[in-house]
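Note that ligands are numbered from 1 as they come in the structure, with each ligand's atoms numbered from 1 the same way.
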Amino acid sequence: PPVLEFRDVWFGYDRARPVLRGISFAVPSCGHVALVGPSGAGKSTIFALAERFYEPDHGRVLLRGRLLPYARHRAVVGLVEQDCPLLAGTLRENLLYGAGPAGDDDLTRVLAMTGLIPVVAALPRGLDTPVGERGGRLSGGQRQRVAIARCLLSRPEVILLDEPTAHLDPDGERALAAALREVARVCALVVIAHRFSTVRSADRVLVVDDGVVAADGTHEELLRSS
Ligand code: ADP
Ligand code: ADP
């Protein structure tokens with residue numbers, strides 16, 4: 001069964017006004033799905049239900065075909081938030097925060113996947129460099145990749161990623177796309193995509209509009225039908 005599946009999910013913050021109106025889709029293992037659509041369409045709400053921050057009013061959110069207990073569900077689904085704030089502390093502390101037990105091998109593995117090995121090497125004290133409350137030493141794109149690396153350490157089967165729109169320069173965007181290609185080899189990705197480059201690198205694109213899946217296909221299929 002798919003790693004994550006929405007089956008006819010309805011949800012409203014106010015039950016009288018549903019925001020999601022029968023959302024169905026399935027994310028295969030190691031699949032990379034992009035969610036696109038206008039602001040207010042329901043993309044963030046889909047994420048909130050995927051991580052079980054809210055439960056559906058109707059329909060189901062399943063992992064591997066099953067409704068798991070809440071804590072098990074949360075262990076399978078990782079979330080990378082949009083602003084990726086860093087904690088006061090070193091880069092190592094930031095990576096290990098909330099990650100559970102992890103050795104140096106694990107750190108090296110996730111840093112390699114996210115393209116951060118050269119970034120760490122360039123810091124004065126490597127992993128033990130204080131990166132500061134606001135992560136002043138790291139660019140927005142690097143902070144994003146630190147957040148992805150941290151998420152990977154807890155070994156989720158699917159990562160939800162709300163792409164930052166504002167902070168990435170072309171180099172940062174390329175580095176993020178490369179990191180996502182690597183990450184997609186070990187787990188599934190669902191990305192709220194604002195940028196064309198991220199949409200293009202997904203294997204499937206869901207167009208969400210006014211609480212329904214208005215289109216679902218590869219990027220080429222959607223271009224042909226529009
Ligand atoms: P984005 O377009 O990046 O998804 P939004 O502007 O839609 O951002 O939402 C920003 C935040 O405000 C989100 O956390 C969302 O849940 C919350 N939000 C959006 N609309 C409302 C609303 N009508 N009432 C309360 N919170 C809202
Ligand atoms: P998107 O991520 O596609 O921009 P959202 O899921 O943030 O869309 O929002 C979908 C709808 O739900 C919008 O009308 C938004 O105002 C509303 N909404 C989002 N979050 C909240 C919230 N916390 N409380 C009430 N309404 C919300």
* Starting from the C-alpha separation in whole Å, work towards a yes-or-no answer on side chain to side chain contact (heavy atoms under 4.5 Å, CB included) for V61 and E5. => CA-CA 6 Å; V61 175; E5 187 178 1; over 6 Å; no
* Residue S44 vicinity, atoms of ligand 2 by number, heavy atom under 4.0 Å -> 1 (P), 2 (O), 6 (O), 7 (O)
* Contacting atoms of ligand 2, where contact means under 4.0 angstrom from a heavy atom of A41 -> 1 (P), 3 (O), 8 (O)
* Please confirm whether G42 comes under 4.0 Å of ligand 2, counting heavy atoms of the residue only. => yes
* Would you please name every residue forming a salt bridge (Lys or Arg N to Asp or Glu O under 4.0 Å) with E81, sequence neighbours left out? => none
* Pair R64, S29: side-chain N/O donor-acceptor within cut-off below 3.5 Å -> yes
* Got a sec, which pairs hit ring-ring contact (aromatic ring centres under 6.0 Å, His included) with one end in residues 16-53, sequence neighbours left out? -> F6-F25
* Can you sort out which atoms of ligand 2 are near S39, meaning under 4.0 Å from one of its heavy atoms? => 4 (O)
* To do: Select one of side chain, backbone, both or neither to describe which atoms of V19 lie under 4.0 Å from any atom of ligand 2, heavy atoms only.
  => side chain
* Run the side chain to side chain contact (heavy atoms under 4.5 Å, CB included) check on V120 and Q142 step by step: do they pass? -> CA-CA 10 Å; V120 175; Q142 290 166 348; over 6 Å; no
* Structure fact -> In ligand 2, the atoms that come under 4.0 Å of a heavy atom of T45 are 5 (P), 6 (O), 9 (O), 10 (C)
* Check whether the side chains of Y13 and T45 place a donor and an acceptor atom closer than 3.5 Å, and report yes or no. => yes
* Structure fact -> Near P38 (heavy-atom distance under 4.0 Å), the atoms of ligand 2 are 3 (O)
